[in-house]
Structures are given as C-alpha cells and as structure tokens.
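Only one structure is covered here, and it is reproduced in the block below.
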Amino acid sequence: MDGVADMGGTSGWGPVHPPRRDEPVFEKPWQGRAFALALVSSRIACGGYNPDAFRHAHERLDRAAYLDEGYFGRWLNGAELMLTESAALAAGAIDARARNLRGEHVEEPPVPAPRPDYRPTAAPVGAGSLRSVDTAPAFAVGERVRAKDMSPPGHTRLARYLRGHTGVVERIQPASVLPDTNAHFQGENPQHVYSVRFDARELWGEDAEPFTLTAELFESYLEKSS
C-alpha cells in the first residue's frame with residue numbers, strides 16, 4: 001500500500017540521527033503511557049495482539065495525524081482509529097473528553113453499539129512471529145533476485161524504494177508470519193524470509209554514495225533475476 005508511512009529511502013526529510021547509547025526508552029513520561037495505551041487499544045480492537053494490523057492502522061492515517069504529532073502521537077492516532085473502526089469508541093469521543101477536561105463542557109458521544117460484522121481475532125498459532133514451514137526456500141544464498149514491482153492493496157512490508165530493483169541473497173532467515181495477510185486477519189501464511197543485499201547505486205542511481213543496504217524480504221516479494 002503506497003502512502004505516507006512508506007517513507008523509507010525517500011529524500012527530503014533531513015539527516016538521520018542514530019540513537020545515543022544513553023538514550024532513554026521514553027524521552028517524556030507521557031510517551032510511556034502512550035505506548036501502553038496503544039498496546040491495550042490494539043488488543044481490544046483486534047481481539048488479541050496483531051502488530052501488523054496496528055501498523056496498517058498507521059498507514060491509513062492522514063498526513064497530519066501521521067507526521068505532525070511525532071512518533072508516539074502517531075501511535076495514539078493509530079490506536080484511536082482501530083478503536084473507532086471496531087466500534088469500541090465513538091468517533092470524536094477522545095477530542096470531546098479532552099475538551100471537557102479543559103473545562104469546555106461539550107457533549108460527549110455515546111458508546112457505539114457493537115458491530116456485528118466486525119469480529120477479528122488475533123489468535124497466533126505460536127509465540128512471536130517466527131514459524132516453521134514445510135517447503136524448501138525458493139532462493140539460495142548468493143542468488144540474484146529482484147524485488148517485485150508491485151503495490152498490493154493494504155499492508156505490505158515491501159518498501160516502495162526497493163520495488164523493481166535487483167540484489168543478492170545474503171542469508172536465509174527463519175520463516176515468519178506474512179504481514180500482508182495477518183494485518184487483515186486473513187491468516188498467518190508464514191513464508192521464508194531472505195536478507196537481500198542491494199547496491200546503493202542500483203536503488204538511487206549512479207550518483208548515490210557507494211554503500212550496500214540489506215533488507216529482510218518475504219519470499220513472495222521476490223522473483224528470480226537473470
């Protein structure tokens with residue numbers, strides 16, 4: 001799904017600052033509370049923990065909700081979207097409550113009726129996201145592969161800046177839950193995952209700085225390259 005969340009590899013966002021060794025987990029106390037609220041909200045909306053559905057909620061935020069309120073503001077906006085979509089929370093309820101807490105005395109919307117058509121269940125068949133699959137890997141270490149030039153609807157972990165470009169399989173990783181289906185409660189469908197090494201000039205042209213980039217890509221994202 002192309003959208004504001006697919007920012008990796010794009011230019012115009014300024015320099016990237018790597019984290020400091022002594023950097024706190026949460027810079028401000030409210031960020032820790034936002035983190036906890038987002039996790040609880042996701043569990044309520046999904047019927048369990050589904051990080052892919054949570055990421056997909058972020059992808060559907062508008063540009064202001066995604067960028068203007070910072071990383072943990074984004075988490076809260078994503079959690080609110082999931083809660084309203086699941087009818088656990090009325091649209092506008094959080095804004096009305098915040099205004100009342102500021103003394104504005106506005107009417108808060110009632111709790112909505114449950115949605116009979118919305119019953120997602122995040123029921124993992126194993127701990128974490130790693131799984132075992134019975135099929136042999138389709139690609140070998142050292143093989144040249146191409147990231148498919150595709151833009152599937154919904155959530156995908158195939159970054160836009162990699163699509164259509166060729167790299168080399170560096171390592172075969174353990175199989176993992178496929179986010180493209182798990183985000184939509186369509187099953188885990190685990191696949192082999194490959195570490196694929198790309199040359200920067202393959203991704204950004206001959207004027208790019210000379211370095212290599214390694215991305216973890218699911219098997220269905222790749223095709224053979226001659």
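In what follows, every heavy atom counts, from backbone to side chain, and hydrogens, waters and symmetry copies are set aside.
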Derivation of the side chain to side chain contact (heavy atoms under 4.5 Å, CB included) call for W13 and L67: CA-CA 11 Å; W13 300 99; L67 293 176; 3.9 Å; yes

Heavy-atom pair of closest approach, residues M7 and Y66: SD-CE2, 3.9 Å

N100 side chain to H105 backbone, donor-acceptor under 3.5 Å: yes

Pairs touching residues 25-42 that satisfy side chain to side chain donor-acceptor pair (under 3.5 Å), sequence neighbours left out: none

Candidate list K224, R197, R171, test salt bridge (charged side-chain N to carboxylate O under 4.0 Å, His left out), partner E143, passing option: K224

Shortest non-hydrogen contact between G8 and Y161, atoms and distance: O-CD2, 2.9 Å

V141 to E170 - nearest heavy-atom pair and separation: CG1-O, 3.7 Å

Any donor-acceptor N or O pair under 3.5 Å, side chains D180, Y221: yes

ILVMFWY network linking V196 to L213, side-chain heavy atoms under 4.5 angstrom: yes

Test log, rule side chain to side chain contact (heavy atoms under 4.5 Å, CB included), inputs W204 and S11: CA-CA 10 Å; W204 294 288; S11 60; over 6 Å; no

Stepwise salt bridge (Lys or Arg N to Asp or Glu O under 4.0 Å) test for R160 and D149: CA-CA 8 Å; R160 182 165 38 185; D149 189 6; over 6 Å; no

Donor-acceptor side-chain pairing of T181 and N189 below 3.5 angstrom: yes

Stepwise side chain to side chain contact (heavy atoms under 4.5 Å, CB included) test for V193 and S176: CA-CA 7 Å; V193 177; S176 181; 3.9 Å; yes

Pair H184-H155, ring pair (Phe, Tyr, Trp, His ring centres under 6.0 Å): steps then yes or no: CA-CA 8 Å; H184 305 281; H155 181 64; 7.4 Å; no

Test item: R163 side-chain N/O and L158 main-chain N/O as donor-acceptor pair under 3.5 Å: yes

Derivation of the side-chain hydrogen bond (donor to acceptor under 3.5 Å, both in side chains) call for H165 and E202: CA-CA 7 Å; H165 292 289; E202 163 69 15; 3.2 Å; yes

Flag side-chain contact, heavy atom, 4.5 Å: V145 against V168: no

Residue pairs passing the side chain to side chain donor-acceptor pair (under 3.5 Å) test where at least one lies in residues 72-81, sequence neighbours excluded: E69-N77, Y71-W75

Pairwise side-chain contact, F198 with T214, heavy-atom cut-off 4.5 Å (strictly under): no

Within 6.0 Å of CD in E23, more than 12 heavy atoms from elsewhere: yes

Side-chain donor-acceptor contact under 3.5 Å, E219 with Y194: yes

Close side-chain approach of R60 to E85, heavy-atom, < 4.5 Å: yes

S220 backbone acceptor or donor facing Q191 side chain under 3.5 Å: yes

Side-chain heavy-atom pair L61, V4 within 4.5 angstrom cut-off: no

Check: F26 ring centroid to F72 ring centroid under 6.0 Å: yes

L178 reachable from F54 in the ILVMFWY side-chain graph, under 4.5 Å edges: no

H192 to A136 - nearest heavy-atom pair and separation: NE2-C, 3.6 Å

Evaluation steps, side chain to side chain contact (heavy atoms under 4.5 Å, CB included), between E209 and R201: CA-CA 7 Å; E209 296 178 37; R201 290 165 295 187; over 6 Å; no

Nearest non-hydrogen partners of P109 and A91, listed with the distance: CG-O, 3.8 Å

Side-chain donor/acceptor of R131 to backbone N/O of G128, under 3.5 Å: yes

Q173 and S195 side chains, donor-acceptor separation under 3.5 Å: yes

Within-4.5 Å side-chain heavy-atom neighbours: I44 and L83: yes

Considering all heavy atoms, the nearest L81-A57 contact: CD2-O, 3.5 Å

Student check: side-chain heavy atoms of M82 and C46 closer than 4.5 Å: yes

